[in-house]
Amino acid sequence: MAKGVATMYVSESFETVLKNRDLKLDKKDLGNDGIAFLGLYSEREDEFPFSVVFDDSQDRTDYQITYEGIGNGKDLGLDLFDVLFTINRLNQELVAYYTLLMDPDGALFIRYVGRVTPFETFTLYELLVMGSKIASEVRRTLLELKDENDI
């Protein structure tokens, strides 16, 4: 690093971006340099938790953005094949760079994995905002599908 250039960690840089955008997230130390920023997306009827997790570093580091509480595959009124088909269709048509996944209990969540440096955290913020809109749209689509299949 050039002499006289201040070093910054990813978490410090990301906190500055969040502060400048007036977005308050809870910061949690995960140990071993792991950091999580936790929030709750809330717009109209949509409300679900999200997190941004990364190893705090002065260099490039991997991160993961996750939106939980999107829905439950078991609640859609479909068999497993149709749920998986719907997930694949949504991944192709709606989710873009994110991935819609289902855990073994049927809970649906959206995830994005990338890399960032302390100088690129505004892009991380933009992906977080875009992902919130995508997760909200996926949630509405799944709720509509559930309503169509309710008897």
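Note that the structure is predicted; figures quoted are calculated from it, not measured.
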Going by the angle between their ring planes, with limits at 30° and 60°, are Tyr67 and Phe50 parallel, tilted or perpendicular?
tilted

Interatomic distance, CD1@Ile134 vs CG@Leu127, rounded to 0.5 Å, equals 9.0 Å

Heavy-atom pair with the smallest gap, counting every atom of [X] and [Y]:
{"X": "Ile70", "Y": "Ala135", "answer": "CD1-CB, 3.7 Å"}
{"X": "Glu12", "Y": "Thr7", "answer": "OE1-O, 4.5 Å"}
{"X": "Phe37", "Y": "Leu18", "answer": "CD2-CD1, 4.0 Å"}
{"X": "Ile110", "Y": "Leu100", "answer": "CG1-CD1, 3.8 Å"}
{"X": "Pro104", "Y": "Lys74", "answer": "O-NZ, 4.3 Å"}
{"X": "Pro118", "Y": "Ser57", "answer": "CG-O, 3.7 Å"}

- Message: If we count only N and O atoms by modelled type, under 3.5 Å, do the side chains of Asp56 and Ser11 hold a donor and an acceptor together?
- Response: yes

Query raised in the report: Would you say the side-chain atoms of Thr66 and Glu68 include a donor-acceptor pair closer than 3.5 Å?
Result: no

According to a hydrophobic-cluster definition based on side-chain heavy atoms being under 4.5 Å apart (Ile, Leu, Val, Met, Phe, Trp, Tyr only), do Ile35 and Leu30 belong together?
no

>> According to a hydrophobic-cluster definition based on side-chain heavy atoms being under 4.5 Å apart (Ile, Leu, Val, Met, Phe, Trp, Tyr only), do Leu38 and Val10 belong together?
In response: no

Discussion item. Check whether Ser13 reaches the backbone of Tyr9 with its side chain - one donor and one acceptor, N or O, closer than 3.5 Å.
Written reply: no

- Test item: Thr117 side-chain N/O and Phe119 main-chain N/O as donor-acceptor pair under 3.5 Å: yes

**Message:** Does this structure show an ion pair linking Glu120 with Arg115, if we count only N-O contacts that are shorter than 4.0 Å?
**Reply:** no

* To do: Would you please test Asp26 and Lys24 for salt bridge (Lys or Arg N to Asp or Glu O under 4.0 Å) and show each step?
  => CA-CA 7 Å; Asp26 293 329; Lys24 293 177 176 68; over 6 Å; no

